[in-house]
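For ligands, and for the atoms within them, numbers begin at 1 and follow the listed sequence. Heavy atoms only: backbone and side chains are in, while hydrogens, waters and symmetry mates are out.
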Amino acid sequence: MKMYIDRKWVDSPATTPVISPYSREVVDTVPQASPEQIEAALAAAERGATTMRQLPAHERGAILGRLANLVAEHQEDLARTISLEEGKPLSESRGEVGRMPDLIRLCGFEGTQQRGETLPLDAQAGAKGKLGLTLRVPCGVVLAITPFNYPLLLVVHKVAPALAAGNAVILKPANQTPLTALKLTRLILEAGLPEDGIQCLTGPGAAIGAALCADRRVRKISFTGSTVVGEAITRVAGVKRLSLELGSNSPLVILPDADLHQASQATAVAGYVNAGQVCISAQRILVDRAVYGDFLDALAPEVARIATGDPFAEGTKLSAMISERDASRVGEWIDEAVAGGARVVTGGTRDHALFAPTVVADVAPTMRLSREELFGPAVAVTPVSGIDEAIALANASSYGLGAGIFTRNIDNALRFAQEVESGNVMINWTPLWRADLMPYGGLKQSGIGKEGPRYAVAEMTEGKTVVFHSGT
Ligand code: NAD
């Protein structure tokens, strides 16, 4: 596929292969944007920002309405593209695409709802007779950089609010999964977006990311990806608005009064959706000693039952990770934990990029499997003694994106909600839950800012203060 720069679909001498993680076949190639092409995209985006700023909100909303319909019409093709380039089971890809029309419509609506306020200037002496008000204005050029794990959802969570708010967008999708983003760009243009309202550049982030992030024509960077890359972006960005949706090693606490059946079934989903490659995967399972054995007994068969294989085969629930290198890293971390005294309860094996769904018990919080972001299909189970230790361990992480607790005790649930340092807290569910309209974003090293249509639109606009002075 070609990339889209300055109103044209273009190639580049250097290309990147897009490899299907399960079949290991090259399914397509995409261009690697050259320095000249990056400059052309930035210049076109600057012109596009002027075009977009002049487009009334109702027209932007109408474009997004048409885009929502187009995404629904192309649902199956988009889902198959996601499974092909990312490797997740087709049922999951269909779920990912199925959420998009509503999300896009909500963004379109929020773009029409930008409000300012009048200022009570006469509360201060000397301001009598003046009229003050605030306006929301688009940022201008929004740079959207996205990770591999949700090639459509996480792109839409940036591009739709940015366009709804009247910005021009430069989209840089993950190098492993650019095809879905390029197809979405086509649909955005088909929906009637001004041709310079979007640029979609492909290529390795390490090679092209810094030039984009450092450029002064970009006013806002909306980045989702690893904390390491997020931090690198903060170092080159300069004076810009930044939203960072970064990594996590989300805790899930199981107290003795939990419904163990429900908790084990939910954990057998929350650790393994998309082969564990979800920023809010349940990774650290902190189980009260009183029910530790019972919980493991309930969890292990649920996890062992997860059907693995070809993402396009009926019934597959877990398929390949994004690369064999990542699957092998998961194996190394598990081996390291076992060498330190942990034990594999189920799973632990690997076939190329497909790592079997795994439960590791007796994991010490200091082990890498617990301490760092795994981003793979395994959970690290650790015994705890009561709510105090559970909260202390939940917080013993540099991350703070998602957290969950299973308990029927309202006081413990309340304490968890108030004391756990996490952007999203789930009571009687796992961290792996999101409604697209809710504010979503991390604390601590998990990031800055919130996504979700209303919040992303707000973060993709800026405030202006206007004061009318009388002529006398
Ligand atoms: P990554 O950080 O390797 O890459 C993300 C994007 O950044 C890609 O488009 C990549 O090409 C680009 N990039 C790489 N180097 C860059 C640089 N120097 N400058 C600018 N851009 C650069 O992440 P990944 O492996 O694609 O995704 C996995 C990570 O994303 C995990 O840490 C996961 O937790 C995180 N994530 C977070 C959320 C969230 O909402 N908080 C959601 C999904 C994924």
Side-chain angles (χ1 to χ4, degrees), residues 3 16 18 21 30 32-33 38 85-88 96 143-158 170-178 180-182 200-215 218 221-238 240 242-250 273-283 321-323 325-326 329 372-376 397-403 422-424 431-434 436 438-452 455-456:
M3 57 185 174
T16 309
V18 181
V30 292
Q32 289 188 16
I38 292 172
E85 63 180 351
E86 203 270 350
K88 69 180 66 165
E96 180 174 347
L143 171 60
I145 304 182
T146 52
F148 75 81
N149 61 333
Y150 283 88
L152 187 64
L153 179 126
L154 295 173
V155 172
V156 169
H157 262 292
K158 298 186 183 313
I170 300 176
L171 169 60
K172 211 306 278 171
N175 206 26
Q176 306 96 318
T177 58
T180 312
L182 291 167
C200 184
L201 268 74
T202 52
I208 71 173
L212 289 167
C213 292
D215 197 277
V218 173
I221 301 174
S222 178
F223 172 79
T224 300
S226 60
T227 298
V228 172
V229 172
E231 268 197 305
I233 288 174
T234 64
R235 284 194 286 272
V236 298
K240 294 191 173 64
L242 277 180
S243 295
L244 302 171
E245 299 283 344
L246 309 176
S248 185
N249 57 356
S250 303
V273 164
N274 197 17
Q277 300 164 121
V278 190
C279 48
I280 45 174
S281 280
Q283 180 180 332
M321 292 181 64
I322 193 67
S323 71
R325 200 181 53 172
D326 280 284
R329 172 184 56 78
E372 294 184 17
E373 180 182 39
L374 180 69
F375 227 55
S397 168
S398 56
Y399 296 115
L401 182 57
S422 176
N424 307 308
L432 189 111
W433 199 88
R434 176 181 194 179
D436 288 306
M438 75 188 204
Y440 178 94
L443 306 183
K444 297 157 82 176
Q445 296 298 300
S446 289
I448 301 171
K450 297 285 179 204
E451 290 197 335
Y455 315 95

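- Atom CD1 in I233 sits 7.5 Å away from atom CG in L143 (nearest 0.5 Å).
- Not a single donor-acceptor pair under 3.5 Å links the side chain of S243 to the backbone N or O of S222.
- By the 4.5 Å heavy-atom criterion applied to side chains, L401 and Y399 are not counted as neighbours.
- From the protein, the heavy atom lying nearest to atom 42 (C) of ligand 1 is C279 SG, 2.9 Å.
- Using a 4.0 Å cutoff on heavy atoms, Y440 counts as a contact of ligand 1.
- Heavy atoms of G442 come nearer than 4.0 angstrom to ligand 1 in no pair at all.
- Relative to the ring axis of Y150, K88 places its NZ or CZ within 45° and under 6.0 Å from the centre.
- Atom 10 (C) of ligand 1 has as its closest protein heavy atom K172 NZ, 3.8 Å.
- Counting heavy atoms closer than 4.0 Å to ligand 1, residue L212 contributes nothing at all.
- Put simply, the side chain of K240 gets close to the backbone of C213: a donor and an acceptor are under 3.5 Å apart.
- Annotation: side chain of E245 is not in contact with side chain of H157 (no heavy-atom distance under 4.5 Å).
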message: For V229 and I145: C-alpha separation, side-chain torsions, deciding distance, then whether side chain to side chain contact (heavy atoms under 4.5 Å, CB included) applies.
response: CA-CA 11 Å; V229 172; I145 304 182; over 6 Å; no
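- For atom 2 (O) of ligand 1, the closest non-hydrogen atom of the protein is S226 OG, 2.6 Å.
- At distances below 3.5 Å, not a single donor-acceptor pair connects side-chain atoms of Q277 with backbone N or O atoms of M321.
- Among all non-hydrogen protein atoms, the one lying nearest atom 19 (N) of ligand 1 is G209 CA, 3.6 Å.
- Checking each of N149, I322, V18, T16 against Q176 for a side-chain contact (heavy atoms from CB on, under 4.5 Å) leaves exactly one that passes, namely I322.
- Within the 4.0 Å heavy-atom cutoff, G230 does not count among the residues contacting ligand 1.
- Atoms of ligand 1 found under 4.0 Å from any heavy atom of N149 (numbered from 1 in listed order, with element): 43 (C), 44 (C).
- Contacts between L401 and ligand 1 below 4.0 angstrom, taking non-hydrogen atoms only, involve the side chain exclusively.
- Annotation: L246 places an N or O atom under 3.5 Å from an N or O atom of ligand 1; distance criterion only.
- Within the 4.0 Å heavy-atom criterion, both parts of T224, backbone and side chain, lie near ligand 1.
- In this structure, atom 27 (O) of ligand 1 lies nearest to the protein heavy atom P147 CB, 3.3 Å.
- Taking distance alone, with nitrogen or oxygen atoms compared against 3.5 Å, E373 approaches ligand 1 more closely than that limit.
- Under the 4.0 angstrom criterion, atom 4 (O) of ligand 1 counts as lacking any protein heavy-atom contact.
- Listed by number with element, the atoms of ligand 1 under 4.0 angstrom from any heavy atom of P173 are 9 (O).
- At distances below 3.5 Å, not a single donor-acceptor pair connects side-chain atoms of E86 with backbone N or O atoms of T177.
- Looking only at protein heavy atoms, the nearest one to atom 12 (C) of ligand 1 is I145 CG2, 3.7 Å.
- In this structure, A206 has a heavy atom closer than 4.0 Å to ligand 1.
- The ligand atoms of ligand 1 that sit less than 4.0 angstrom from a heavy atom of A174 are 8 (C), 9 (O).
- Atom 22 (C) of ligand 1 has V229 CG1, 3.5 Å as its closest protein atom, hydrogens excluded (heavy atom only).
- At a 3.5 angstrom cut-off on N or O pairs, T146 counts as close to ligand 1.
- Set against the non-hydrogen atoms of G247, the atoms of ligand 1 under 4.0 Å away are 32 (O), 34 (O).
- The proximity of A232 to ligand 1, defined as any non-hydrogen pair under 4.0 Å, does not occur for either the backbone or the side chain.
- D326 places none of its side-chain heavy atoms less than 4.5 Å from the side chain of F375.
- Here the protein heavy atom with the shortest distance to atom 18 (N) of ligand 1 is G205 O, 4.0 Å.
- Rounding to the nearest 0.5 Å places SG of C279 at 8.5 Å from CG of L432.
- When atom types are taken as modelled, the side chain of Q445 and the backbone of T227 share no donor-acceptor pair closer than 3.5 angstrom.
- Remark: among candidates F223, F375, F148, the nearest residue to atom 25 (O) of ligand 1 is F148, based on non-hydrogen atoms.
- Under the salt bridge (charged side-chain N to carboxylate O under 4.0 Å, His left out) criterion, K450 pairs with no residue, sequence neighbours left out.
- The distance from atom CZ of F148 to atom CG of N274, rounded to the nearest 0.5 Å, is 7.0 Å.
- The part of L154 lying near ligand 1 is the side chain, judged by heavy-atom distances below 4.0 Å.
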